[in-house]
Amino acid sequence: MTHEFKKIIKSFQKAIESRLQCVIATVVALEGSSYRKPGVRMLIIENGTMIGAVSGGCVEKEILKQSFSVFKTGTPKVMTYDGRYRLGCEGTLYILLELFNPEPSFIDAFNSSLDQHKSFTVNSYFSKKIDADKNYGSTILFDDSLEFTFNQFVNKSENPSNNLFNQTLKPCFRLVIIGAEHDAVELCIFASSLGWDVIIITSPTDPKSIEDFPGAHKILHEAPGLFDNSIIKEQTAIVLMTHNYAKDFQYLMAMKEIIPDYIGVLGSVKRRETLLNDYMEHNPLVDDLFIEKIHSPAGLNIGAITPQEIALSICAEILAVTRGANPTSLKNVQQGIHTDNYLS
């Protein structure tokens, strides 16, 4: 959800440059089932533009209508949406609407948190009464000490409501792609569409720039011997796709001091066996967990052929591995399909 919040912040910055007010809507409680879960947000700009969504599309029009009074009075309010009669989801959403106008220093704190790959916490105070109340509202906490209100004109100490929705937003998932051929571009595009921070690593002599990789966060021109392990943070996957056995092996050796969540290596089964045998011969004391993290050939077996399809299969495997899921057709699932991992 952090990547969705990033989009909201970027849209908010553009709105204030145009002197437009914003309201943020947060699903703070749910009774029953729903397409999206508590913690999902959307931004409404006073010109009627909406960024993000809290449902499959039916709730948003009602939120836009309900936001008019918040724009007019500045007072936060709680609204409900009963999907049992309109969405078929058998659930009722409780949605907090409030002006979104944090103090200017919030942007620096937010960007710093993203750059440092840190989690942050949002606390939303509300009641399930369908009304407006100046004591409703949200705060956001960075580094367990730096706190901001969503609306800088609200006194964050005045929140006596006994209802609190607490949400910790983890850093955006990070994908490090080692390689810069056409299939790496397609993987970058697909991964960035999932909201992942994508870092490209290629040869120091490679003339390609970040403009060649739509959606990439940054590009590093680094030889294997200069591989910077510090970019491997919590929630990080690595995919080796240099199409050069020697380079893949050298980069893999450079990772021996780290254990990312996932290491994918393009290539055949035979290539995998050769690579692992060579690796263990040069590094006999390797941690078994490191070997378990290696997935080669990278990707799920979904019949992928084209670079775009291969990118889909790799991202699907990364999601399955990092969320502890066993890929199967949802038509065979007898229970709920969502877990607490949806917040990652």
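Heads up: numbering here begins at 1 and tracks the sequence.
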* Asked: Do side-chain atoms of Tyr81 reach the backbone of Ile63 as a donor and acceptor pair under 3.5 angstrom?
  -> no
* Applying side chain to side chain contact (heavy atoms under 4.5 Å, CB included) between Val239 and each of Asp183, Ile178, Leu187, report the one that passes. => Leu187
* Search all heavy atoms of Tyr245 against all heavy atoms of Thr274 and return the closest pair with its distance. => OH-O, 3.3 Å
* Are the side chains of Asn166 and Val122 in touch, meaning some heavy atoms are under 4.5 Å apart? -> no
* To do: Look at atom CG of Asn301 and say whether more than 12 heavy atoms of other residues, nucleotides or ligands are closer to it than 6.0 Å.
  => no
* salt bridge (charged side-chain N to carboxylate O under 4.0 Å, His left out) against Lys128, all qualifying residues, sequence neighbours excluded -> Glu31
* Residues which pass side chain to side chain contact (heavy atoms under 4.5 Å, CB included) with Asp115, listed by chain and number, not counting sequence neighbours -> none
* **Under 3.5 Å donor-acceptor, Ser193 side chain and Ala191 backbone** => no
* To do: For residues Phe165 and Tyr94, establish whether the separation of their ring centroids is below 6.0 Å.
  => no
* Structure fact -> Looking only at heavy atoms, the pair that brings Ile95 and Ala25 closest together is CG2-CB, 3.9 Å
* With His3 via side chain to side chain contact (heavy atoms under 4.5 Å, CB included) - residues at least two apart -> Cys172
* Asked: How about Lys6: does its NZ atom have over 12 heavy atoms from other parts shown lying under 6.0 Å from it?
  -> yes
* How many angstroms lie between atom CD1 of Ile232 and atom CD1 of Ile238, to the nearest 0.5 angstrom? -> 3.5 Å
In residues 216-223, what donor-acceptor pairs under 3.5 Å come from side-chain atoms, sequence neighbours left out?
from   : atom 1 : to     : atom 2 : distance (Å)
His221 : NE2    : Asp206 : O      : 3.2
His221 : NE2    : Lys208 : O      : 2.9
Glu222 : OE1    : Asp228 : N      : 3.4

* For the student: nearest non-hydrogen atoms of Ser124 and Leu96, plus distance -> CB-CD2, 4.0 Å
* Asked: Between the main-chain N or O of Thr75 and the side-chain N or O of Thr73, is there a donor-acceptor pair closer than 3.5 Å?
  -> yes
* Side-chain donor or acceptor of Ser113 paired with backbone N/O of Ala109 under 3.5 Å -> no
* **Smallest separation among heavy atoms of His243 and Leu266, with atom names** => CE1-CD2, 4.1 Å
* **Listed once per pair and sorted, the salt bridge (Lys or Arg N to Asp or Glu O under 4.0 Å) pairs that draw on residues 229-243, sequence neighbours left out** => none
* Within-4.5 Å side-chain heavy-atom neighbours: Gln167 and Met1 -> yes
* To do: May I ask you to decide whether Asp131 forms a salt bridge with Lys77, counting only side-chain N to carboxylate O separations under 4.0 Å?
  => no
* To do: Give the minimum heavy-atom separation between Val78 and Ile130, together with the two atoms involved.
  => O-CG2, 3.6 Å
* Asked: Out of curiosity, Gln21 CD to Ile44 CD1, how far, rounded to the nearest 0.5 Å?
  -> 12.5 Å
* Asked: With Thr205, which residues qualify under side chain to side chain contact (heavy atoms under 4.5 Å, CB included), at least two apart?
  -> Ser203
* Asked: Would you call the rings of Phe106 and Phe142 parallel, tilted or perpendicular if under 30° counts as parallel and over 60° as perpendicular?
  -> tilted
* Any chance you could measure Leu252, atom CG, to Phe227, atom CZ, to the nearest 0.5 Å? => 10.0 Å
Show every donor-acceptor pair shorter than 3.5 Å between a side-chain atom in residues 306-317 and any protein atom, with sequence neighbours excluded, or say none if there are none.
from   : atom 1 : to     : atom 2 : distance (Å)
Thr306 : OG1    : Gln308 : OE1    : 3.4
Thr306 : OG1    : Glu309 : N      : 3.1
Glu309 : OE1    : Ile305 : N      : 2.8
Glu309 : OE1    : Thr306 : N      : 3.1
Ser313 : OG     : Ile310 : O      : 2.8
Glu317 : OE1    : Tyr262 : OH     : 2.6
Glu317 : OE1    : Gly299 : N      : 2.7

* Structure fact -> salt bridge (Lys or Arg N to Asp or Glu O under 4.0 Å) pairs touching residues 238-249, sequence neighbours excluded, are Asp248-Arg271
* Asked: Does any N or O in the side chain of Glu60 come within less than 3.5 Å of the main-chain N or O of Val54, such that one atom is a donor and the other an acceptor?
  -> yes
* **With sequence neighbours excluded, residues passing side chain to side chain contact (heavy atoms under 4.5 Å, CB included) with Ile189** => Val185, Glu186, Pro214
* **Sequence neighbours excluded - side-chain hydrogen bond (donor to acceptor under 3.5 Å, both in side chains) pairs with any residue from residues 280-294** => Tyr279-Asn283
* Check whether any side-chain heavy atom of Asp133 lies under 4.5 Å from a side-chain heavy atom of Ser127, and answer yes or no. => no
* Which atoms form the tightest heavy-atom contact between Phe71 and Ile45, and what is the distance? -> CZ-C, 3.8 Å
* From CA spacing to verdict: side chain to side chain donor-acceptor pair (under 3.5 Å), Glu17, Gln13 -> CA-CA 6 Å; Glu17 289 174 0; Gln13 289 181 276; over 6 Å; no
* Asked: Side chains of Asn151 and Asn101: is there a donor and an acceptor less than 3.5 Å apart?
  -> no
* Heavy-atom side-chain contact between Ile9 and Ile107 under 4.5 Å -> yes
* To do: Using salt bridge (charged side-chain N to carboxylate O under 4.0 Å, His left out) as the criterion, list what pairs up with Asp261, not counting sequence neighbours.
  => none
* Taking the side chain as every heavy atom from C-beta outward, state whether Gln235 and Thr322 have any atom pair closer than 4.5 Å. => no
* Just checking, any donor-acceptor pair under 3.5 angstrom between side chains of Asn244 and Tyr251? -> no
* Taking the side chain as C-beta and beyond, is there a heavy-atom pair between Cys188 and Ile177 under 4.5 Å? -> yes
* Asked: So, does Glu98 use its side chain to make a donor-acceptor pair with the main chain of Ser138 at under 3.5 Å?
  -> yes
* Pairs in or reaching into residues 44-54: which pass side-chain hydrogen bond (donor to acceptor under 3.5 Å, both in side chains), with residues at least two apart or in two chains? -> Asn47-Thr49
* Asked: Looking only at atom types and distance, does a side-chain atom of Ser112 sit under 3.5 Å from a main-chain N or O of Asp108, one as donor and one as acceptor?
  -> no
* Structure fact -> Exactly one of Phe100, Phe110, Phe150 clears ring pair (Phe, Tyr, Trp, His ring centres under 6.0 Å) with Phe12, and that residue is Phe100
* Asked: In Å and rounded to the nearest 0.5 Å, what is the CZ to CD1 distance from Phe290 to Ile259?
  -> 8.0 Å
* Asked: Hey, is the main chain of Gly39 close enough, under 3.5 Å, to the side chain of Arg41 for a donor-acceptor pair?
  -> yes
* Asked: Are side-chain heavy atoms of Arg174 and Val176 found at a separation under 4.5 Å?
  -> yes
